Novice: 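Take a look at this one; I'll ask things after.
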Amino acid sequence: MSIPGLRKLKGIWYIRYNRGQGRKEKLKSTGTRDRKEAQMILERFTKDLEAKENGYNGEYANRSLTFRQCTDLYLEDCKRRGVKPNTVTSYKRSLEYFSRIFPYVAQVNHLHEDLVRQFTDTLNTLDRPRGEDDDIRKPNSINVHLRDLRTFANWLYNHPYIPRIIKVQLVKKDKKLPKIITPDELQNVYDLVEDPKLLSTFKVYEQTGMRLTELHSCTREGSYIRVSSNSKGRSERLIPLPSEIIEDFEIATTDHYKPERITKSFTRFRKKAGVPEGKTLHSLRHTFAARTLIKTNNPYVVKSVLGHQSLSTTEIYLDFPEDYLKEMLTQKMALAPPEPAEA
């Protein structure tokens, strides 16, 4: 089959195509004089024709489900399968962005890779609804939307609502070192905190490496913390609880503060303490990971306590900022017992 194209006759756009070599070219009216509208009709026609040529016998071309209908079915299926509410919200948001950019994608079988590439380009200049921040323009945020779209496209193929897998390529981003807070920076922050519960909360995050919401769903078992399987990663894990912060843990988890208050408070104290921009509450998790890696010299131990699913995620902590590494190593050497004198 040759690639269909457009031809204008007496002001009307027609789709010209044939079904194989040697066959007479056929014309199919789009019924429109508008070039852009005719191009969209051509794209839909081409996809339907490809489905038939590849042996689908019109199965996908004849489906009447719209993109919106499939989106609703997909989100309901996610809820039935127990996908976390925050993840479902992310899926819904990404698919709404896509439908805003391409409102003319009516039937779901009209989704194709060219649209995905256009989606990536358009996310950089998308007009955001009032109240949304600028993170959508950052590579990390763009990739969140692309991953969500890829998950949806795979679901469409597996059910099946589309004839073939749609490839979704993520945007490239610069490799960044983990945000590590040095001991001096951390002490400067702690010196400003007058609220005992807030101070205890910060110390627990620093000494356990838990994610923000994990503090609200964990339990203490002696000298360990058990993190619930409801956390990111979907698996329970145990984290050693240093004896010197057991009291802090009890204070932090008794009528604990809401996550939003914790993060905003840390940012406020970080700014007052003169800690560089970009080091957030989540940086306490990075700091814990770096400290644990220096102490154990074992990435697998770090992977276990952090709850990473892949070792490749943990390996980013092998690339420490040089000043922090020197400071931590100096402290480690100072605490190490002296070498025995040679006889």
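Remember, it's a predicted structure, so these values are computed and weren't measured experimentally.
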Novice: Using the salt bridge (charged side-chain N to carboxylate O under 4.0 Å, His left out) definition, which of the options R270, K179, K271 pairs with E277?
Specialist: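 Of the listed options, the one satisfying the test is R270.
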
Novice: Is a side-chain N or O of R285 found less than 3.5 angstrom from the main chain of L306, in a donor-acceptor match?
Specialist: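 Such a contact is found between R285 side chain and L306 backbone.
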
Novice: What pairs with I15 under side chain to side chain contact (heavy atoms under 4.5 Å, CB included), at least two apart in sequence or on another chain?
Specialist: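 With neighbours one apart ignored, the set is P4, L6, Y17, K28, T30, I41, L42, F45.
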
Novice: Using a distance-only test with no angle check, is there a side-chain donor-acceptor pair under 3.5 angstrom linking Y257 and D195?
Specialist: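 Checked: Y257/D195 side chains pair up, N/O donor to acceptor below 3.5 Å.
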
Novice: Using the ring pair (Phe, Tyr, Trp, His ring centres under 6.0 Å) rule, take F67 and F102 through it: C-alpha gap first, then chi angles, then the decisive distance, then the call.
Specialist: CA-CA 10 Å; F67 184 87; F102 301 109; 9.5 Å; no

Novice: Is the ring pair Y161/H159 parallel, tilted or perpendicular, if the boundaries are 30 and 60 degrees?
Specialist: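 Y161 vs H159 ring planes: parallel.
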
Novice: Scan side-chain atoms only and decide if Q118 and D114 contain a donor-acceptor pair under the 3.5 Å cut-off.
Specialist: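 No.
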
Novice: Identify, with sequence neighbours excluded, every residue that meets ring-ring contact (aromatic ring centres under 6.0 Å, His included) alongside W13.
Specialist: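 Here no residue qualifies.
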
Novice: May I ask you to check whether over 12 heavy atoms, not counting those of K197, lie within 6.0 Å of atom NZ?
Specialist: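 Counting other residues, nucleotides and ligands, NZ of K197 exceeds 12 neighbours.
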
Novice: Around R7, counting heavy atoms of other residues, nucleotides and ligands shown, do more than 12 lie under 6.0 Å from its CZ?
Specialist: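 No, because the 6.0 Å sphere around CZ of R7 holds 12 heavy atoms or fewer from other groups.
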
Novice: Under 4.0 Å between a Lys/Arg side-chain N and an Asp/Glu carboxylate O for E25 and R16?
Specialist: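 Result for this pair is yes, salt bridge flagged.
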
Novice: Looking at Y74 and R81, what are the two nearest heavy atoms and their distance?
Specialist: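 Between these two residues, the closest heavy atoms are CE1-NH2, 4.4 Å.
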
Novice: Listing request: all ring pair (Phe, Tyr, Trp, His ring centres under 6.0 Å) pairs with a residue in residues 183-203, at least two apart in sequence or in separate chains.
Specialist: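 For residues 183-203: F202-F266.
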
Novice: Working to the nearest 0.5 angstrom, can you tell me the gap between I181 CD1 and T287 OG1?
Specialist: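 One gets 4.5 Å once the value is rounded to the nearest 0.5 Å.
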
